[in-house]
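Just below is one structure, and these are the notes that go with it.
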2 protein chains.
Amino acid sequence: MEAMQISSRFTIAIHMLTCMEAFKDERKVTSEFLAASINVNPVVIRRILSQLKEAGLIEVKRGTGGAAPAKPLEEITFLDVYRAVECIGDNTLFHFHENPNPDCPVGRNIHKILDGRLLKVQQAMERELQGMTMADVMADLKKNI
Amino acid sequence: MEAMQISSRFTIAIHMLTCMEAFKDERKVTSEFLAASINVNPVVIRRILSQLKEAGLIEVKRGTGGAAPAKPLEEITFLDVYRAVECIGDNTLFHFHENPNPDCPVGRNIHKILDGRLLKVQQAMERELQGMTMADVMADLKKNI
DNA sequence: GATACCTGTAATCATTGACATTACATCAAA
DNA sequence: TTTGATGTAATGTCAATGATTACAGGTATC
């Protein structure tokens, strides 16, 4: 039984940004090229390119092609990437059961008792994501090459 | 576009434990009763009952029926509940794209660069979950009634 | 020991998200 | 105008969630 993970769009997006920076002086970074490095379909890449662009993290050239970070890598946090691609409807990490029984004292109160705590958990995770940037990734990459 | 949340089994399980404690002196807490308070099918409840039991968090009486916490509520953390019901295959919160291209310097290194960071994020979340217990929930419930 | 009430669990089914893939409209530079 | 690229709609497959029916297996009580 597998399950319930944050989608691979997130790690793919980080991979994409890393490639954009790593190859920026060497070649035009197209969706085809990214797809080859990541090993997924180019259309998947293009959809994520759109999301990253919409979030203001990258610039994509139409016609001529090619994508690149839109700001200094120190200013692109994992949280920025996470929010750009992980389209969580109401922005809550936890899915709450929808219709607890209002005639039961527990059912009537469970939501307000849990909401604050669930938010704290989510914020702990987001705080951690916010402390990591694409610059850190590039630094590690240079060490590994 | 909805998406990618931790399943409602978690909040349902917390709700179940809360009911077990809240009604323990008043009535037998059966899967039917829990299903009515939570407003889901009794079979869903029974499956989660099994998971909580397997994790050693509750005791369930066969035949006669009824479920109750197996240990003091201070010792049942949100993390215990999370791990009991959220059956994540390899225990990683993030889903990594599987086959980065080993012939690309980025594809070859991305996994080792990200793994540690993703683990840190997961641990931040789990640390927060570990700091919350069912006793806290009961305290809040009493305040709300 | 028959009955009545529960739990445990298998088997379906509908719905939804992820991801792959094909197809094509659109764009911009050479 | 030709040539790459991007943008995106449309499908298809697969897996997980959650609802539901059905029934086998316990256990207390009459």
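We name chains A, B, ... by the order of the sequence lines, and we start the count at 1 in each one. Just so it is clear, the values below take in all heavy atoms, side chains as well, and ignore hydrogens, waters and symmetry mates.
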Residue pairs meeting salt bridge (charged side-chain N to carboxylate O under 4.0 Å, His left out), one or both in residues 133-145 of chain B, sequence neighbours left out, come to Arg117(A)-Asp140(B), Asp140(B)-Lys143(B)

Quick check for you: among [options], whose closest atom lies nearest to any side-chain atom of [X]?
X: Ser8(B); options: dG7(D), dG18(D), dG8(C); answer: dG18(D)
X: Val44(A); options: dT21(C), dG8(C), dT8(D); answer: dT21(C)
X: Lys28(B); options: dC6(C), dC19(C), dT8(D); answer: dC6(C)
X: Arg46(A); options: dT8(D), dC19(C), dG18(D); answer: dT8(D)

**Asked** Any side-chain N or O of Arg47(B) less than 4.0 Å from the OP1 or OP2 oxygen of dG8(C)?
**Response** no

May I have the distance from [X] (atom [atom1]) to [N] (atom [atom2]), rounded to whole angstrom?
X: Glu86(B); N: dT17(D); atom1: CD; atom2: P; result: 7 Å
X: Gln5(B); N: dA16(D); atom1: CD; atom2: P; result: 18 Å
X: Ile48(B); N: dG8(C); atom1: CD1; atom2: P; result: 13 Å
X: Ile45(A); N: dA5(D); atom1: CD1; atom2: C1'; result: 14 Å
X: Ile58(A); N: dA5(D); atom1: CD1; atom2: C1'; result: 14 Å
X: His95(A); N: dT15(C); atom1: NE2; atom2: P; result: 16 Å
X: Met20(A); N: dT6(D); atom1: CE; atom2: P; result: 10 Å
X: Arg9(B); N: dG18(D); atom1: CZ; atom2: C1'; result: 9 Å

What donor-acceptor contacts under 3.5 angstrom involve side-chain atoms of residues 53-64 of chain A, with partners at least two apart or in another chain?
none

Contact string for nucleotides 24-30 of chain D, one letter per nucleotide 5' to 3', B = base within protein heavy-atom range under 4.0 Å, S = sugar-phosphate only, - = neither, reads -BBS---

**Prompt:** Is the NZ atom of Lys71(B) crowded by more than 12 outside heavy atoms at less than 6.0 Å?
**Reply:** yes

Tell me, which pairs form a ring pair (Phe, Tyr, Trp, His ring centres under 6.0 Å) where one or both residues lie in residues 117-145 of chain A, sequence neighbours left out?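 Passing the test, one end in residues 117-145 of chain A: no pairs.
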
Pair listing, ring pair (Phe, Tyr, Trp, His ring centres under 6.0 Å) test, anchored in residues 99-132 of chain B, at least two apart
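Checked against ring pair (Phe, Tyr, Trp, His ring centres under 6.0 Å) - neighbours excluded - the pairs reaching residues 99-132 of chain B are Phe96(B)-His111(B).
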
- What residues form a salt bridge (Lys or Arg N to Asp or Glu O under 4.0 Å) with Lys24(A), not counting sequence neighbours?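 Residues passing salt bridge (Lys or Arg N to Asp or Glu O under 4.0 Å) with Lys24(A): Glu21(A).
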
ask   = Regarding Glu75(A) and Thr133(A), is there a side-chain donor-to-acceptor distance under 3.5 Å anywhere?
value = no

State which residues pass side chain to side chain donor-acceptor pair (under 3.5 Å) with Thr11(A); sequence neighbours excluded, sorted by chain then number.
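Thr11(A): side chain to side chain donor-acceptor pair (under 3.5 Å) contacts with His97(B).
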
Residues at least two apart in sequence or cross-chain that pass side chain to side chain donor-acceptor pair (under 3.5 Å) with Gln122(B), listed by chain then number, are Glu126(B)

- prompt: Near DNA chain D, which residues from residues 30-43 of chain A have a heavy atom under 4.0 Å away?
  reply: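 Going residue by residue through residues 30-43 of chain A, the ones with a heavy atom under 4.0 Å of DNA chain D turn out to be Thr30(A), Ser31(A), Val43(A).
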
